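These notes concern the structure reproduced below.
Keep in mind the model is a prediction, meaning the values are calculated, not measured.
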Amino acid sequence: MAKELPSRSEDYSLWYNELVKKADLAEHSDVRGCMVIKPYGYSIWEKMQQALDKMFKDTGHVNAYFPLFVPKSYLAKEASHVEGFAKECAIVTHYRLKNAPDGSGVIVDPDAQLEEELIVRPTSETIIWNTYKKWIQSYRDLPILVNQWANVVRWEMRTRLFLRTAEFLWQEGHTAHSTPDEAVRETLQMLDVYADFAENFLALPVIKGKKSEGEKFPGAIDTYCIEAMMQDGKALQAGTSHFLGQNFAKAFDVQFTSKEGKLDYVWGTSWGVSTRLMGALIMAHSDDDGLVLPPKLAPIHVVIVPIFKTEDELNKISEKANEIASALRKQGYVVKFDNRDTHKPGFKFAEWELKGVPVRLAIGPRDMENGTVEVARRDTKEKQVIKLDQVVAEIPNLLDNIQKNIYQRALNFRADVTTKVDTYEEFKRVLDEKGGFVQAHWDGTAETEAAIKEETKATIRCIPLDAKEETGKCMYSGKPSSRRVLFARAY
RNA sequence: CGGGAUGUAGCACAGCCCGGUAGUGCGCUACGUUCGGGACGUAGAGGUCGCUGGUUCGAAUCCAGUCAUCCCGACCA
């Protein structure tokens with residue numbers, strides 16, 4: 001009762017906020033715009049990290065760590081980069097505090113001003129390319145395929161748990177190559193890794209595409225992205241991969257001698273996903289009863305709830321429950337036997353549903369008598385009673401089935417809210433009445449893009465990589481267009 | 001950063017207009033009855049009223065500042 005959620009369809013934002021807090025994922029800190037990720041939420045993030053990290057290693061990458069602080073002058077070296085990030089930087093100006101002369105507390109010591117201010121990294125391109133300059137002389141030093149797990153700070157005006165916080169956790173890959181082809185291949189490879197991860201672990205279908213000039217990363221030649229659809233019809237950028245060309249190499253004077261003995265600037269990429277994926281995970285699958293986790297990312301796969309009146313009953317049930325639990329654990333599943341005698345079964349059912357545990361087993365005296373167990377799946381809330389000796393064999397199939405089902409559900413939802421339109425009137429009507437992705441022709445100009453954004457708040461999410469060649473007319477300007485692009489209102 | 005709202009017990013909120021011993025529900029603790037979908041009864045514990053300053057004999061209440069959160073804008077690879 002105390003934990004009941006607001007309805008998803010009534011107020012999506014409220015539902016989201018309450019769910020994040022009540023499912024024990026995260027909460028706002030008292031520190032401006034910052035978030036506390038609670039143990040349960042963090043354990044999901046850890047599972048994401050493990051899966052991603054393995055995929056990075058499998059594609060030849062290694063991890064390293066670079067400083068949190070970036071000297072102001074580094075950030076200034078790449079013109080569009082500084083322009084893109086200047087408005088949201090936290091800056092360290094002093095290195096010492098002292099007691100206030102009037103005894104009112106501590107103050108910043110005015111004598112301890114830094115000669116050059118340090119920026120708390122909003123992203124690490126600059127400090128990393130400054131380092132790469134020292135690492136690279138020859139084509140033999142290339143490629144460099146480095147990833148970093150870190151926190152970054154972007155002083156956003158308005159924050160939202162997981163989706164936009166002042167500080168967030170992420171990984172950022174930064175690679176250096178001797179040829180543009182290789183760098184472009186790397187950029188696209190990592191985009192594929194992200195899409196693969198989203199679909200196979202998050203159970204979240206994504207659209208791979210390229211950003212328009214207006215939406216691309218400051219300092220990139222091309223920005224590629226994966227775009228996902230949330231249950232309220234708004235899009236979410238779930239990851240990006242940038243082809244940096246020689247922009248950062250030129251800004252930081254990173255040159256190498258090629259096989260032919262010629263001096264050239266290094267070609268770069270960068271790519272990242274963040275704790276924003278947690279937001280995507282929550283908004284894509286959950287319902288009014290709480291979180292729905294894909295089994296591959298669930299910190300607990302199976303919870304066993306005993307139903308008992310007496311200690312004697314509990315002991316008998318525990319014996320069976322522990323048998324099942326240890327058999328499942330041997331197969332690598334995380335099983336929670338919730339034998340608390342402080343809460344009733346109904347309370348436990350509701351609590352584990354709120355937390356999104358994919359499978360729940362309930363065993364009571366009735367089951368003990370019949371040699372059965374009640375199996376409930378979180379995604380559909382279906383319950384069935386099966387033989388006790390079959391349950392261990394059934395669970396892997398069931399978990400697999402749940403993983404596939406929530407992916408399929410999200411895919412169906414996305415298809416339902418994806419609309420093809422040819423006129424601007426229709427475009428506006430679809431956005432207001434239905435939301436979702438809108439496929440429309442665009443003349444390719446920044447002016448049209450900006451005007452549409454201004455008038456409808458919808459942005460070009462991406463130019464899908466698999467967009468078919470199709471002659472048409474821009475819905476806004478009437479000028480010719482050769483393919484449809486994807487519009488949506490977005491987070 | 002602009003407009004609006006909020007900040008009082010772990011949580012949700014009332015009290016503020018009209019200044020005078022800090023309230024309610026949930027949760028928490030103990031005991032009893034319960035236990036197959038969020039139990040009930042009885043008794044109890046728990047609060048520098050966001051923070052700083054001002055007005056006043058006296059401030060949760062009035063005034064100023066400040067910090068944070070929420071909504072709308074702006075901003076946001």
Side-chain angles (χ1 to χ4, degrees), chain A residues 1-6 11-14 16-18 21-22 27-35 78 80-89 104-105 122-125 152 154-161 163-166 168 170 172 210-225 237-244 270-274 276 289-290 305-311 313-314 317 340-354 360-370 372-374 376 381 383 385 453-454 457 459 461-462 490-491:
Chain A
M1 275 188 292
K3 288 203 165 179
E4 228 160 74
L5 287 173
D11 186 337
Y12 199 79
S13 296
L14 185 66
Y16 175 80
N17 276 330
E18 291 297 305
K21 287 177 206 161
K22 287 181 173 158
E27 62 193 22
H28 276 289
S29 148
D30 290 341
V31 182
R32 190 206 168 279
C34 292
M35 172 177 64
E78 216 286 334
S80 58
H81 190 68
V82 66
E83 198 186 318
F85 287 106
K87 283 172 283 186
E88 50 182 22
C89 286
S104 63
T123 179
S124 303
E125 274 78 5
V152 288
R154 295 180 190 178
W155 213 257
E156 303 287 358
M157 288 297 125
R158 220 170 129 187
T159 60
R160 205 145 150 46
L161 288 166
L163 299 178
R164 185 170 293 114
T165 47
F168 57 92
W170 76 344
E172 43 180 330
K210 195 174 179 174
K211 285 289 184 191
S212 65
E213 284 301 301
E215 295 277 333
K216 75 179 191 188
F217 178 73
I221 302 286
D222 287 316
T223 288
Y224 296 88
C225 61
Q237 177 177 300
T240 48
S241 184
H242 316 291
F243 171 56
L244 302 175
S270 66
W271 28 273
V273 294
S274 69
R276 186 174 235 217
D289 295 316
V305 177
I307 296 154
F308 60 96
K309 288 193 179 73
T310 64
E311 203 173 316
E313 271 174 352
L314 176 61
I317 294 166
R340 289 176 293 177
D341 58 4
T342 50
H343 295 276
K344 289 172 52 175
F347 180 93
K348 295 178 185 176
F349 292 171
E351 182 167 271
W352 294 114
E353 275 163 13
L354 181 61
R360 180 188 71 230
L361 306 180
I363 310 176
R366 208 157 67 205
D367 296 300
M368 293 302 285
E369 214 167 286
N370 303 336
T372 58
V373 54
E374 183 191 80
K381 305 209 60 180
K383 289 189 271 199
V385 176
K453 182 177 177 179
E454 170 73 27
K457 295 195 178 80
T459 49
R461 299 319 302 159
C462 67
Y491 279 100

Tell me, please, which residues at least two apart from A:Trp170 pass ring-ring contact (aromatic ring centres under 6.0 Å, His included). A:Phe168

Just the rounded figure in Å: distance from P of B:C70 to CG of A:Leu161. 7 Å

Minimum-distance nucleotide (side-chain atoms of A:Lys344 versus B:U69, B:C71, B:A39): B:A39

Searching all strands shown, indicate the nucleotide that pairs with B:U48 (Watson-Crick or G-U wobble; both distances under 3.5 Å). none

Starting at the 5' end of nucleotides 72-77 of chain B, put B wherever the base has a protein heavy atom under 4.0 Å, S where only the sugar-phosphate does, and a dash everywhere else. BBBBBB

Report which part of the nucleic acid A:Arg366 touches: base, sugar-phosphate, or nothing (heavy-atom distance under 4.0 Å, all strands). base

My understanding is that a pair needs two contacts under 3.5 Å, Watson-Crick or G-U wobble. By that rule, which nucleotide pairs with B:C40? B:G32

All side chain to side chain donor-acceptor pair (under 3.5 Å) counterparts of A:Arg340, not counting sequence neighbours: A:Asp338, A:Glu351

Pairing partner (Watson-Crick or G-U wobble, both distances under 3.5 angstrom) of B:G23: B:C13

Between the base of B:G37 and the side chain of A:Glu353, is there a donor-acceptor distance below 3.5 Å? yes

Acceptor/donor pairs from residues 214-223 of chain A side chains to any protein atom, 3.5 angstrom cut, sequence neighbours excluded:
residue  : atom : partner  : partner atom : Å
A:Lys216 : NZ   : A:Glu213 : OE1          : 3.1
A:Lys216 : NZ   : A:Ala220 : O            : 3.2
A:Lys216 : NZ   : A:Ile221 : O            : 3.1
A:Thr223 : OG1  : A:Phe217 : N            : 2.9
A:Thr223 : OG1  : A:His242 : ND1          : 2.8

Please enumerate all residues that pass side chain to side chain donor-acceptor pair (under 3.5 Å) together with A:Glu374, with sequence neighbours excluded. none

Not counting sequence neighbours, which residues clear side chain to side chain donor-acceptor pair (under 3.5 Å) with A:Tyr491? List them please. A:Asp232

